[in-house]
Amino acid sequence: MGAGLSRFAAVLLDTVLTTDLADCGRHARELADAGFAGAFTYEGQTDPFFPLVPAALEADIDLYTNVAIALPRSPMHLAYQAWDLQRASNGRFMLGLGSQIKPHIERRYSALWDKPVAQMRDLIRATKAIFEAWQNETPLHYEGPYYQHTLSIPPLTPKPLTHATAAKSGSTAKVPPIWAGALGPMMTKMVAAEADGIIIHPFNSAHFLREHSRRLVTEAQAAAGRDL
């Protein structure tokens, strides 16, 4: 590696995964062989979860949704999908969620748009509560302002996960880390306080990231007693 590039040696690079289901496995292997640390999907012309299944089974690479639109989905649906992908990938899956904007939620998905920051907070907490109950084999009891999950009988409850999460997530837990997209100050602070990682909007700048996003994340985590 040239001297001019040596300072980037420890940087982890991710890129988009093809959404062609017949080609996802091969593409993921090629990305891993090329040195990429991770591959992600987004909710565009295809479902964001399906392409990750063949990739998880065939390549040793971090995988995540970037992002799956959260508000039209139930935390229980998200939990099942994340659990299956975490198991299939041997602990290398991250659940990336986003709120989208009001016209998409109401007119494209025909779902509820009420108070998106509060909705996303409740969805993240509900999904984590489901993860905790499944992993620790404890009764499920979550009651929030938007989501209530109080039923989980043995025939419908997945077995605990056995693989540690990907090192990139910074967590030693076995359940999938939850990342969430944020741009505005209220959503950024909520994600910093509740989620395991923040997904930065692609329309951005170094100045905005440094002076706006990072400052808000630091302030919110300090207020919540969390470590950056």
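Excluded from the calculations below are hydrogen atoms, water molecules and symmetry mates; all remaining heavy atoms, backbone and side chain alike, are included.
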Original post:
Relative to the ring of Tyr142, is the ring of His149 parallel (under 30°), tilted (30 to 60°) or perpendicular (over 60°)?
Top reply: tilted

For the residue pair [X] and [Y], establish whether any side-chain heavy-atom pair is separated by less than 4.5 Å.
| X | Y | result |
| --- | --- | --- |
| Phe93 | Trp83 | no |
| Tyr146 | Lys115 | yes |
| Leu63 | Phe40 | no |
| Leu97 | Leu123 | yes |
| Leu71 | Met120 | yes |
| Pro176 | Phe131 | yes |
| Arg108 | Pro103 | no |

Would you find a donor on one side and an acceptor on the other, under 3.5 Å apart, between the side chain of [X] and the backbone of [Y]?
| X | Y | result |
| --- | --- | --- |
| Glu43 | Gly98 | no |
| Glu106 | Leu112 | no |
| Gln86 | Lys174 | yes |
| Arg210 | Ser205 | no |
| Gln148 | Gly144 | yes |
| Gln119 | Asp114 | yes |
| His27 | Thr18 | yes |
| Asp20 | Ala22 | yes |

Does [X] share a hydrophobic cluster with [Y], counting links as ILVMFWY side-chain heavy atoms below 4.5 Å and allowing steps through other members?
| X | Y | result |
| --- | --- | --- |
| Tyr109 | Met76 | yes |
| Ile61 | Leu21 | no |
| Ile198 | Val11 | yes |
| Phe50 | Tyr64 | no |
| Phe203 | Phe208 | no |

Original post:
Under the salt bridge (Lys or Arg N to Asp or Glu O under 4.0 Å) test, which residues partner Lys128, sequence neighbours left out?
Top reply: Asp196

**OP:** Quick one: list whatever passes salt bridge (Lys or Arg N to Asp or Glu O under 4.0 Å) with Arg125, sequence neighbours left out.
**Re:** Glu194

Original post:
Are Tyr80 and Trp134 close enough that their ring centers fall under 6.0 Å?
Top reply: yes

Subject >> Tyr147 atom OH, over 12 foreign heavy atoms within 6.0 Å >> reply: yes

Original post:
With no hydrogens and no angle check, do the side chains of Arg73 and His77 hold a donor and an acceptor under 3.5 Å apart?
Top reply: no

**OP:** Step by step, work out the side-chain contact (heavy atoms from CB on, under 4.5 Å) result for Val175 and Glu132.
**Re:** CA-CA 8 Å; Val175 302; Glu132 181 179 356; over 6 Å; no

Throw together a table of side-chain donor-acceptor distances under 3.5 angstrom for residues 29-39, partners on residues two or more places apart or in other chains.
residue: Arg29; atom: NH1; partner: Glu58; partner atom: OE1; Å: 2.1
residue: Glu30; atom: OE1; partner: Arg26; partner atom: NH1; Å: 2.6
residue: Glu30; atom: OE2; partner: Arg26; partner atom: NH1; Å: 2.2

Original post:
Between Thr65 and Thr41, is a side chain to side chain donor-acceptor pair (under 3.5 Å) present by the stated rule, with each step listed?
Top reply: CA-CA 5 Å; Thr65 50; Thr41 56; 5.7 Å; no

Using 0.5 Å steps for rounding, measure from the [atom1] atom of [X] to the [atom2] atom of [Y].
| X | Y | atom1 | atom2 | value |
| --- | --- | --- | --- | --- |
| Leu216 | Glu219 | CG | CD | 6.0 Å |
| Asp14 | Asp62 | CG | CG | 7.0 Å |
| Asp84 | Leu161 | CG | CG | 9.5 Å |
| Ser99 | Ile69 | OG | CD1 | 7.5 Å |
| Ile124 | Trp179 | CD1 | CH2 | 13.5 Å |
| Thr188 | Arg214 | OG1 | CZ | 13.5 Å |

Original post:
Which is it for Ile199 and Val67 under the side-chain contact (heavy atoms from CB on, under 4.5 Å) test, yes or no, and what are the steps along the way?
Top reply: CA-CA 8 Å; Ile199 296 175; Val67 294; 3.7 Å; yes

Tell me the closest heavy-atom pair linking [X] and [Y], and the distance in Å.
| X | Y | result |
| --- | --- | --- |
| Pro75 | Thr127 | CB-OG1, 3.5 Å |
| Leu17 | Pro51 | CD2-O, 3.6 Å |
| Ala68 | Pro48 | CB-CG, 3.9 Å |
| Val191 | Gly197 | CG1-O, 3.7 Å |
| Arg87 | Pro158 | NH2-CB, 4.4 Å |

Original post:
Between Glu211 and Arg215, is a salt bridge (Lys or Arg N to Asp or Glu O under 4.0 Å) present by the stated rule, with each step listed?
Top reply: CA-CA 6 Å; Glu211 303 299 329; Arg215 175 178 57 81; over 6 Å; no

